[in-house]
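Just below is one structure, and these are the notes that go with it.
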Amino acid sequence: MRFEIIKHDKNTSARTGRLTTSHGIVETPIFMPVGTQGTVKTVSPKELEECGVQIVLANTYHLYLRPGPELIKSAGGLHNFISWSHPILTDSGGYQVFSLSDLRQISEEGVSFRSHFDGSSHFFTPEKVIEIQEALWADIIMTLDECPPYPSSYEYARKSTELTTKWAIRCKKAQTNNETQALFGIIQGSTYSDLRLLSTKNLVDLDFPGYAIGGLALGEPKVIMWELVSLVVQNLPPEKPRYLMGVGYPEDLISAVTLGIDLFDCVLPTRNARNGTVFTRFGRLSIKNATYANDFSPLDSECNCYTCRNFSRAYLRHLFNTGEILAPRLATLHSVHFFLWLMKEIRQAISEDRFDTLRKEFLSKYHYNENHL
RNA sequence: GCCGGGGUAGCUCAAUUGGUUAGAGCACUUGACUGUGGAUCAAGGGGUUAUGGGUUCGAGUCCCGUCCCCGGUG
């Protein structure tokens, strides 16, 4: 993997870049839709391409439990198995163990957990997680981390962050294929500045090809989140890609790019779409609301995605209210298209030295939820 | 026609010998969702208990009339 910075924004820390992987180029800043089980729910790879998707995220935790890394390996790797020829990033499973499994027990050696769907017992170590991700053969793979909940006590966060660093060292050591796969380290530290700083320095010393910031957007105030992102980014090597994990809302993406983030992933555009809430240039729109029953305009009057070119709000509402399978599909297509459109606008604005203007224009039009600030 | 059973929220049903403001599920309305949850959670609206009388301190509940539904029988 190679990362080159193309352009720095004049007024902010935003930048555009080019990430070259063994399955092609990713232009940054970029948003990665989440395809947990080897599919971005409801949409096909071809449709993802049409939405402007360049890289998707898949999940070690889920794919390990089903169908198992051996099967995917014998299919010729994840790209072959799911028929996606562009880059893939796999998450390590640290977050899923934290958020999905009932019984988890963390020790120095690793984490034991019970599967969230059949209750079976499993044990992840840093070495195991690398082995699985090498079998899946994603272009970018992640270190095993522990994601401490918010809020966490300082003492818990300190120990947890220390453990994440030790696991990062073991992951790096366990990696056998660093020619075609890039291993990103994950920075933790909860909401404590000194722990974030320490975590950043320790991981930078290990010289990863890219760095992720994890453990944020877990309910902490936005002010704190941005302070921490800013602090971490300032202490990361500028020439390496930076990935803010699990973020976020459109307004968050703008803020994070401003601080110098290159990569994002989030379930919001896809999960919310399945539940009937889509993102548009004018803000969030709950298509199931009765107010759209007779509204024959598209979701977003300025969008040229397949959904907006062909279907009305009234029809989409009808599809949702009748439980039709097309409803989550069309909504997902729109929101994914919108997120990728936004990233493209951001890249273009940076390259033309007008990122600041774009940011202001976008936020003046986009009606965001004030609870999120 | 006669005999029996039954009419409670849009739907399916609760409501202990008559006893606070008639409840629930689904549906509906409105929120929430940040390294996935087609999941789920939260809040809300909705009732002259078929209808007209009566008994009672008090009736969805007991009595009488009327209307309607279901089963049986002519």
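One can place CD1 of A:Ile187 at 14 Å from C1' of B:G35, the figure rounded to the nearest angstrom. At whole-Å resolution of the value, CG in A:Leu89 and P in B:G35 are 13 Å apart. Between A:Asn321 atom CG and B:C26 atom P there is a gap of 16 Å when expressed in whole angstrom units. Between the CG atom of A:Leu268 and the C1' atom of B:G38 there is a distance of 16 Å, given to the nearest Å. Counting to the nearest Å, the P atom of B:G35 and the OH atom of A:Tyr150 are 18 Å from each other. Summarising the geometry, the separation between OH on A:Tyr64 and P on B:G35 is reported as 23 Å, rounded to the nearest angstrom. In this entry the distance linking CZ of A:Phe184 with P of B:G35 reads 18 Å, nearest Å. Distance A:Asn275 CG to B:G37 C1': 8 Å, rounded to the nearest Å.
For the OP1/OP2 pair of B:G38 and a distance below 4.0 Å, the side-chain nitrogens and oxygens of A:Arg271 include no atom meeting the criterion. Within the 4.0 Å cut-off from OP1 or OP2 of B:G31, at least one side-chain nitrogen or oxygen of A:Asn289 is found. For B:G37, the OP1/OP2 oxygens have a side-chain nitrogen or oxygen of A:His62 closer than 4.0 Å. Proximity of A:Arg317 to the phosphate of B:U29: a side-chain N or O atom is located under 4.0 Å from OP1 or OP2. In this model, the phosphate group of B:G35 is not approached by any side-chain N or O of A:Tyr61 to a distance below 4.0 Å at OP1 or OP2.
A distance of about 12 Å separates the P atoms of B:C41 and B:A27, rounded to the whole Å. Taking the C1' atom of each, B:G37 and B:U16 are spaced 41 Å apart, rounded to whole Å. B:U48 sits 13 Å from B:A22 when the C1' atoms are compared, rounded to a whole Å. Taking the P atoms as reference points, B:U30 lies 25 Å from B:U12, given to the whole Å. Taking atom C1' on both B:C70 and B:A9, the two are 22 Å apart, rounded to the nearest angstrom. Taking atom P in both B:U61 and B:A15, one finds a spacing of 14 Å when rounded to whole Å. Going from the P atom of B:A50 to that of B:C68 covers 16 Å, rounded to whole Å. B:U17 sits 23 Å from B:U56 when the P atoms are compared, rounded to a whole Å.
Heavy-atom nearest nucleotides on RNA chain B were determined for A:Glu324 and for A:Ser286, and the one closer to the 5' end corresponds to A:Ser286. Nearer the 5' end of RNA chain B, as judged by each residue's closest nucleotide, is the contact made by A:Leu218, out of A:Leu218 and A:Pro328.
Across all strands shown, A:Asp145 has heavy atoms under 4.0 Å from base atoms, whether or not it also approaches the sugar-phosphate. Residue contacts shown for A:Asp265 are limited to sugar-phosphate atoms, with no base heavy atom under 4.0 Å away. Heavy atoms of A:Gly215 sit under 4.0 angstrom from at least one base atom. Using a 4.0 Å heavy-atom criterion, one finds that A:Leu244 contacts no nucleic acid atom at all.
A salt bridge links A:Lys360 with A:Asp356: the closest approach of a Lys/Arg side-chain nitrogen to an acidic carboxylate oxygen falls below 4.0 angstrom. Look at A:Glu109 and A:Arg170 and you find a salt bridge, because one of the NZ, NE, NH1 or NH2 atoms lies within 4.0 Å of a carboxylate O, short of that distance. Between A:Arg158 and A:Glu155 a salt bridge is recorded (basic side-chain N to carboxylate O distance below 4.0 Å).
With A:Phe124 as the fixed residue, the ring-ring contact (aromatic ring centres under 6.0 Å, His included) test singles out one of A:Trp167, A:Phe98, A:Tyr64: A:Tyr64. Checked options A:Thr200, A:Val232, A:Leu228; the residue passing with A:Ile213 is A:Val232 (criterion: side-chain contact (heavy atoms from CB on, under 4.5 Å)).
If you check B:U34 for Watson-Crick or wobble pairing at under 3.5 angstrom, you find it has no partner at all. B:U66 is paired with B:A50 under the Watson-Crick or G-U wobble criterion, all donor-acceptor distances under 3.5 Å. With a cut-off of 3.5 Å on both Watson-Crick or G-U wobble distances, the partner of B:G45 is given as none. With a cut-off of 3.5 Å on both Watson-Crick or G-U wobble distances, the partner of B:U17 is given as none. Pairing of B:A24, defined by two Watson-Crick or G-U wobble distances under 3.5 Å, is identified with B:U12. The partner of B:G60, taking Watson-Crick or G-U wobble pairs whose two distances both stay under 3.5 Å, does not exist in any strand shown.
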Starting from the C-alpha separation in whole Å, work towards a yes-or-no answer on side-chain hydrogen bond (donor to acceptor under 3.5 Å, both in side chains) for A:Asn289 and A:Thr291. CA-CA 5 Å; A:Asn289 286 9; A:Thr291 178; over 6 Å; no

Which is it for A:Asp252 and A:Lys222 under the salt bridge (charged side-chain N to carboxylate O under 4.0 Å, His left out) test, yes or no, and what are the steps along the way? CA-CA 9 Å; A:Asp252 294 336; A:Lys222 279 285 167 75; 2.9 Å; yes

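Side-chain proximity of A:Cys266 to B:U34, B:C33, B:G38: nearest is B:U34. Distance from the side chain of A:Lys41 is smallest for B:G38 among the nucleotides B:G35, B:C33, B:G38. When distances run from any side-chain atom of A:Ala290 to the nucleotides B:C33, B:U29, B:G35, the shortest one goes to B:U29.
In B:G35 the base sits anti relative to the sugar, since the glycosidic angle is further than 90° from 0.
Residue side chain A:Gln37 does not reach the base of B:G38 through any donor-acceptor N/O pair under 3.5 Å, judged by distance alone.
With contacts defined as side-chain heavy-atom distances shorter than 4.5 Å, the pair A:Lys344/A:Phe31 does not qualify.
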